[in-house]
Structures are given as C-alpha cells and as structure tokens.
Amino acid sequence: MIPSSLTVPRKSEADIWKMAEVIRNACWDSSIPVNVDLIAEKELELELVPIVGLLAQVSAEAYLTGDLKEIDYDPNAYSFRLRFSIAHEIGHFVLHPTQIKALRSGSFTEWHTTIADLPGAMWGTAEYQAREFAGRLLVPLPDLISAVKSMKPMIDEAKRQVKNLLNDELAEFVSGEISKRFVVSAGVISRRLKSEKIDLLKI
C-alpha cells in the first residue's frame with residue numbers, strides 16, 4: 001500500500017548538482033574516473049551485493065534496498081552502465097531515503113507491483129533527480145569542460161568539414177571519445193553536455 005502522503009519534493013538541478021558535489025568532495029579525491037564503488041562502500045557504508053539476473057528482475061543494473069543498507073547489482077551488467085546505475089542508486093540514497101523506505105520494503109516482485117501503481121509523474125521526478133545526481137557525481141563539470149577543450153582541434157576540423165554543423169551533432173561526435181575518460185557511456189556524456197548547456201560550437 002502506497003502512503004497517500006508520499007511525495008517527491010521538487011529540487012532544482014542546481015541543488016541536486018550541489019549535493020552530488022558535496023558527496024564526491026567528501027568521499028573522493030579530485031581524480032578521474034570517480035570510484036563510485038568506494039564511495040558507496042567505504043564512505044556511505046552501503047554494502048554492494050552481487051545478484052546474478054538482477055537486471056531481469058527489476059529492470060535495472062542496481063537497486064537500493066528499502067532498509068538503505070545495500071545496493072544490489074547485476075555482476076553481468078555492462079560495466080559503464082553498472083557504474084552509472086550504482087551512482088544513480090546513491091542518488092536515491094541521498095535524495096529520496098524516505099521514499100525508498102516506503103516503497104521498497106518487500107521483494108523484487110512486490111517492487112514491480114509498486115512501481116506499476118505509482119503515479120508516473122512522481123516516480124519520473126525521482127528518477128530524473130537521481131540521474132542528474134549520478135551524472136554530476138561521475139562527470140564533474142570542470143573535468144568535462146577540460147575534456148571538451150582538449151578536443152578543440154578535432155571539433156574545429158569537424159566544423160570545417162561539415163557546413164552549418166549543429167551543436168547536437170558535435171555532441172554526438174565528441175561524446176564517445178570523452179566518455180572513455182570518465183568510464184561512462186557516450187549517452188551519459190551527451191546528457192551532461194546538454195544539461196550543463198555547453199555550446200561546443202563556441203569551444
């Protein structure tokens with residue numbers, strides 16, 4: 001039974017990013033890639049528990065349990081996606097502890113039923129917030145800008161070769177290369193470039 005009073009508070013992107021920065025700065029040094037496993041286990045005292053087949057059971061590579069004590073993960077998941085999923089669940093741990101406690105008190109099967117009954121806008125908001133948290137946790141803005149600037153020769157060449165090149169096209173072009181530095185998917189970098197409003201045409 002979902003409590004009728006349960007809501008997901010609105011948070012600005014700036015506030016979410018600030019919370020991600022606080023966690024990273026408190027739990028990790030300034031090196032890239034960010035060791036998200038270490039942050040979870042050593043600093044936040046979350047146990048990482050491998051469960052083969054978790055992805056099929058909960059439609060996610062990682063899952064923060066309702067007691068807020070562990071993050072279950074699928075050891076067979078693609079490594080880049082798994083890193084982001086663990087960071088995403090850390091986002092829920094930081095941003096939505098009350099909601100997770102209320103909603104994930106049962107089995108994986110019960111979670112499927114719960115998520116189906118939740119108002120789409122409510123859980124969609126929680127998921128968006130956790131994604132933004134995870135993105136900023138794993139891809140610090142100064143390092144992203146530095147990575148983009150290091151690709152300026154390639155960006156300039158692309159602009160010479162393609163007339164009226166769009167920013168989105170450039171983002172797709174550079175994301176694959178930049179993603180390797182942060183050990184995330186190219187899709188994560190594309191979203192960060194868009195969320196951070198980085199105009200590649202002006203680099």
Side-chain angles (χ1 to χ4, degrees), residues 8-50 54-55 58-66 68-75 77-100 103-104 111 115 122-145 147-148 171 175-176 178-198:
V8 174
R10 291 284 180 182
K11 298 180 187 296
S12 69
E13 287 182 344
D15 287 341
I16 294 168
W17 295 344
K18 183 177 180 179
M19 294 177 80
E21 297 286 349
V22 168
I23 290 294
R24 180 167 19 79
N25 292 338
C27 303
W28 183 241
D29 58 26
S30 60
S31 63
I32 298 297
V34 174
N35 189 329
V36 70
D37 292 4
L38 184 67
I39 291 175
E41 290 190 301
K42 300 298 183 182
E43 301 298 336
L44 301 179
E45 299 183 344
L46 288 164
E47 184 179 4
L48 295 179
V49 179
L54 179 73
L55 178 57
V58 299
S59 301
E61 291 83 0
Y63 179 90
L64 175 64
T65 57
L68 305 179
K69 291 182 178 180
E70 65 185 50
I71 294 177
D72 300 333
Y73 70 94
D74 193 325
Y78 180 51
S79 61
F80 282 17
R81 287 185 60 86
L82 182 56
R83 273 173 48 77
F84 189 85
S85 290
I86 290 174
H88 181 103
E89 295 307 296
I90 291 174
H92 282 315
F93 178 81
V94 173
L95 300 170
H96 312 123
T98 300
Q99 293 79 8
I100 294 296
L103 298 173
R104 292 183 176 175
W111 170 243
I115 199 71
M122 185 181 88
W123 193 246
T125 296
E127 287 291 274
Y128 173 78
Q129 291 175 356
R131 278 196 300 272
E132 283 299 311
F133 180 97
R136 182 58 84 89
L137 183 71
L138 294 174
V139 187
L141 180 57
D143 296 278
L144 178 59
I145 292 173
V148 168
S175 292
I178 291 175
S179 67
K180 299 171 187 176
R181 304 188 187 193
F182 298 93
V183 194
V184 297
S185 70
V188 168
I189 296 300
S190 292
R191 287 193 297 273
R192 294 321 308 153
L193 292 171
K194 186 173 183 178
S195 291
E196 306 285 4
K197 296 180 172 56
I198 296 176

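Worth knowing before you read on, the calculation uses all heavy atoms, side chains too, and leaves out hydrogens, waters and symmetry mates. Computed from a predicted model, the values in this text were never measured in an experiment.
Using a 3.5 Å distance cut-off with no hydrogens or angles, the side chains of E13 and S195 do not pair a donor with an acceptor. For the 3.5 Å distance criterion, the side chains of E127 and H88 qualify, holding a donor opposite an acceptor.
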key: Verdict with reasoning, F133 to I23, per side chain to side chain contact (heavy atoms under 4.5 Å, CB included)   = CA-CA 10 Å; F133 180 97; I23 290 294; 4.1 Å; yes
task = Step by step, work out the side-chain hydrogen bond (donor to acceptor under 3.5 Å, both in side chains) result for S179 and S185.
result = CA-CA 6 Å; S179 67; S185 70; over 6 Å; no
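Remark: of the listed residues V94, D15, V8, V8 is the sole one forming a side-chain contact (heavy atoms from CB on, under 4.5 Å) with Q129.
Using modelled atom types, no side-chain atom of R24 and backbone atom of V34 make a donor-acceptor pair closer than 3.5 Å.
Around CZ of R104, the count of heavy atoms belonging to other residues, nucleotides or ligands within 6.0 Å exceeds 12.
We find that E196 and R136 are joined by a salt bridge, their nearest charged nitrogen and carboxylate oxygen being less than 4.0 Å apart.
The two residues W111 and L103 have their closest heavy-atom pair at CE3-O, 3.6 Å.
Once rounded to the nearest 0.5 Å, the distance linking CD of E70 with CG of L68 reads 10.5 Å.
Here the side chains of R10 and T125 are in contact, with some heavy-atom distance below 4.5 Å. Counting only heavy atoms from C-beta outward, the side chains of I32 and V139 never approach each other to under 4.5 Å.
Taking the six-membered ring for Trp and thresholds of 30 and 60 degrees, H92 and W123 have nearly parallel ring planes, at less than 30 degrees apart.
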